[in-house]
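Throughout, protein chains are lettered first and strands after them, A, B, ... in sequence-line order, and every chain is numbered starting at 1.
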Number of protein chains: 2
Amino acid sequence: MKRKSITSRDVAKLAGVSQSAVSRCFSPHAKVSQRTREKVMAAARELGYRPNTIARSLITRSSRTIAVVTYSLENPFYSFVLERASRFFQQQGYHLLLFFAPPNGGFDAVLDEIIQSQVEGVLMLAITLDGEQASVVADFGIPVVIINRTVNYTGISQVGSDNYAGGFWAGSYLASLGHRRIAFLAGLPDSSTNRQRHDGFVEGLKSQGLTCHSLEVGNYRYEDACHATRRFFAAPSPPDAIFSANDLMAIASMETLRHELGLTVPDDVSVIGFDDMPMAAWPSHSLTTLKQPVDLMIMKATELLLEQINETESTPQQLTLPVTPMLRNSTRRPGRGGASGQTSN
Amino acid sequence: MKRKSITSRDVAKLAGVSQSAVSRCFSPHAKVSQRTREKVMAAARELGYRPNTIARSLITRSSRTIAVVTYSLENPFYSFVLERASRFFQQQGYHLLLFFAPPNGGFDAVLDEIIQSQVEGVLMLAITLDGEQASVVADFGIPVVIINRTVNYTGISQVGSDNYAGGFWAGSYLASLGHRRIAFLAGLPDSSTNRQRHDGFVEGLKSQGLTCHSLEVGNYRYEDACHATRRFFAAPSPPDAIFSANDLMAIASMETLRHELGLTVPDDVSVIGFDDMPMAAWPSHSLTTLKQPVDLMIMKATELLLEQINETESTPQQLTLPVTPMLRNSTRRPGRGGASGQTSN
DNA sequence: TTGAAAGCGCTAACAG
DNA sequence: CTGTTAGCGCTTTCAA
């Protein structure tokens, strides 16, 4: 099934013009006479000619390709971001190379592939990289924008939301509701998002004279969060409120609480998530959460990347966008105060 | 931010060898002496040299790239398939070019981009194309595999599941449960999956002496399915069971039924979905559905594509894989029979 | 084993 | 406006 590869030369021969005339006909800013263009187009159609993008890229030194790297699509928040950002770039005439970060290490190899593939920019979704990895790409002169993760390296643009403030709100709000045994359901322990949300949370609790009651790790994943929840409630003193580092885990937690542990949300346990993915608003879940301004994040990230690609010496930026508490029904109504009833499993 | 582009020639100069020697050092099956290899590698490291994939592709005429085309990632079923298939190809050393089908037409342009981008194969997720579109790609000699959609063209490999049988089961099973007003919540009306599931469903009902009570279109989308559900129950004689053409719509329907229309599932209305995406098993939904053998589908599709890429004259295949009913709690228990209680909105 | 030379298919000066 | 000419960075014969 090897295609015979019709080249511009073949078309030129058939049309009775030079090869460069053919090339011009397929370039946007061409200056070709009507007559030649017609002859060329006719010949091209007859032969089924398509310009070879690879050859074009080689000479123009522009691949019009952007790499998108992502950690996983299990979380619908990220498939949403991926789709939106991809459609945007596609509309701008870019191709998208998709890379998944390998589950256990080997990310350096992916970084290498990206560099070799001559992409003009890299969009990273929730990718944690260390300073060295970051500098490898940046030193190569490829613009990089990271969405929803922070790296300690100013050479790379970063778009995120105010995880600390969100965590702070969650902690203080749960305390203000009268909860006293407030737990943290952690995401990937090494991720900046997890750290920042956790730190804010702890400070928020502290502002109300509380400390973090307990912590379990859910790695931002559904199944892991179910297990973490079971662990919380197998303990002698289970929490009466949970702040989860993302929505997916928060929902996992509620599912486990309600349908496996026989507890009621929010009467027995209040739950707060983070992201506000579409599903969080579904009535079954009705999850109180911190809304990340996803549209704005995508807009800023794509804008930033395009800017760095097009403008020489545009400086990388670190953006922290505000989050918004979305009060729904996974948390108690305010004003009732007091201690919560306890139900053991 | 233009990278200065270190070429193999630069490395050669520094290492004091010929340019082709450098090339050989970066080719898998090279025959290079230990001494030259060391010199070259040292020079390469010093300069930060990376072979240019584009130039390599041009000369080897193999891009080691596969295009993945998808309609939307709103449905987690497809983000799951995308992730799994992508990881597989990535592991096999392929790059993935991601394309989204534009919402309203303009798919021909995307097809054109794909052809021009010199990919070695195309994986289409739930993409509906007509015979002409199909033949354009196939005539170009690019292997194509379509997952979860059927096109009337044998030149293209197609991997799907037995939509008709699934529909048939849903129709006859709901009837056997005693339901008499059984409706169809349709996906994209023009899609083969929707047609096949619908046809099977109608036959399944017929086998029990019933006809389709009513039909609304949800376009495989959450919001549309919510509206469709409202329309079902605004009618003078609402259904007492719904077969939804996919899980996402089935869940949308249940959300609307339970939390907006005040109805109970399965007591007032039974609901059956299609796909068995992970979320369908979450206890809140506990959706009875038809499981598509997603792992097998991915395996077969990737296998088929690789085979067609590597083996000249491997013939395209059309695979129909079996679906499995997953009985959960969105349908009544069997054996109760009888008419259902009716609740108006 | 290594280097020289010939392109892959295309764009981009440069003359005409 | 058109054709000629020179490469883009690499792989791959072919001699040495």
> If you round to the nearest 0.5 Å, how far is CG of B:Leu111 from CD of B:Gln133?
Replying inline: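 B:Gln133 atom CD to B:Leu111 atom CG measures 6.0 Å (nearest 0.5 Å).
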>> Taking the axis from the first five pairs and the axis from the last five, what angle separates them in the helix from C:dT1-D:dA16 to C:dG16-D:dC1, rounded to 10 degrees?
In response: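 The end axes of the helix from C:dT1-D:dA16 to C:dG16-D:dC1 are about 40° apart, to the nearest 10°.
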> How would you list all residue pairs meeting salt bridge (Lys or Arg N to Asp or Glu O under 4.0 Å) that involve residues 65-90 of chain B, not counting sequence neighbours?
Replying inline: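 Listed once each, the pairs are B:Glu74-B:Arg221, B:Glu83-B:Arg87, B:Arg84-B:Asp295.
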> Does anything in residues 19-36 of chain A pair up under salt bridge (Lys or Arg N to Asp or Glu O under 4.0 Å), and if so which pairs, sequence neighbours excluded?
Replying inline: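 For residues 19-36 of chain A, and leaving out neighbouring residues, there are no salt bridge (Lys or Arg N to Asp or Glu O under 4.0 Å) pairs at all.
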Nearest-Å distance for atom pair [atom1]/[atom2], residues [X] and [N]:
{"X": "A:Leu58", "N": "C:dT11", "atom1": "CG", "atom2": "P", "result": "11 Å"}
{"X": "B:Arg64", "N": "D:dC10", "atom1": "CZ", "atom2": "C1'", "result": "17 Å"}
{"X": "B:Ile54", "N": "D:dG7", "atom1": "CD1", "atom2": "C1'", "result": "16 Å"}
{"X": "A:Asp10", "N": "C:dC8", "atom1": "CG", "atom2": "P", "result": "11 Å"}
{"X": "A:His29", "N": "D:dC1", "atom1": "NE2", "atom2": "C1'", "result": "18 Å"}
{"X": "B:Gln118", "N": "C:dC8", "atom1": "CD", "atom2": "P", "result": "15 Å"}

Return all side-chain donor-acceptor pairs below 3.5 angstrom for residues 11-23 of chain B, not counting sequence neighbours, or 'none' if the list is empty.
from	atom 1	to	atom 2	distance (Å)
B:Ser18	OG	B:Ser20	N	3.4
B:Ser18	OG	B:Ser20	OG	3.0
B:Ser18	OG	B:Ala21	N	3.2
B:Gln19	NE2	B:Ser8	OG	3.1

N or O in side chain of [X] less than 4.0 angstrom from [N] OP1/OP2:
{"X": "A:Arg56", "N": "C:dT11", "value": "yes"}
{"X": "B:Thr60", "N": "D:dT11", "value": "no"}
{"X": "B:Arg9", "N": "D:dC8", "value": "no"}

Quick one: list whatever passes side-chain hydrogen bond (donor to acceptor under 3.5 Å, both in side chains) with [X], sequence neighbours left out.
{"X": "A:Ser161", "value": "A:Gln292"}
{"X": "B:Thr70", "value": "none"}
{"X": "A:Ser157", "value": "A:Gln308"}
{"X": "A:Ser57", "value": "none"}

> Got a sec? Which of residues 39-52 of chain A come in under 4.0 Å of DNA chain D, heavy atoms?
Replying inline: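 Correct list: empty, so none.
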> Who pairs with A:Phe26 by ring pair (Phe, Tyr, Trp, His ring centres under 6.0 Å), at least two apart in sequence or on another chain?
Replying inline: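 Testing A:Phe26 for ring pair (Phe, Tyr, Trp, His ring centres under 6.0 Å), a comparison that skips the adjacent residues, returns A:Tyr49.
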> Any donor-acceptor pair under 3.5 Å linking the side chain of B:Thr128 with the backbone of B:Ser191?
Replying inline: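 No.
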Would you tabulate the pairs of protein nitrogen or oxygen atoms and nucleotide nitrogen or oxygen atoms of nucleotides 2-6 of chain C closer than 3.5 angstrom?
from	atom 1	to	atom 2	distance (Å)
C:dT2	OP1	B:Ser33	OG	2.5
C:dT2	OP1	B:Thr36	OG1	2.6
C:dT2	OP2	B:Ser33	N	2.9
C:dT2	OP2	B:Ser33	OG	3.4
C:dT2	OP2	B:Thr36	OG1	2.9
C:dG3	OP2	B:Ser18	N	3.1
C:dG3	OP2	B:Ser18	OG	3.1
C:dG3	N7	B:Ser20	OG	3.4
C:dG3	N7	B:Arg24	NH2	2.6
C:dG3	O6	B:Arg24	NH1	3.3
C:dA4	N6	B:Ser20	OG	3.3

>> Test: ring pair (Phe, Tyr, Trp, His ring centres under 6.0 Å). Region: residues 56-84 of chain A. Which pairs qualify, not counting sequence neighbours?
In response: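 Sorted pair list comes back empty.
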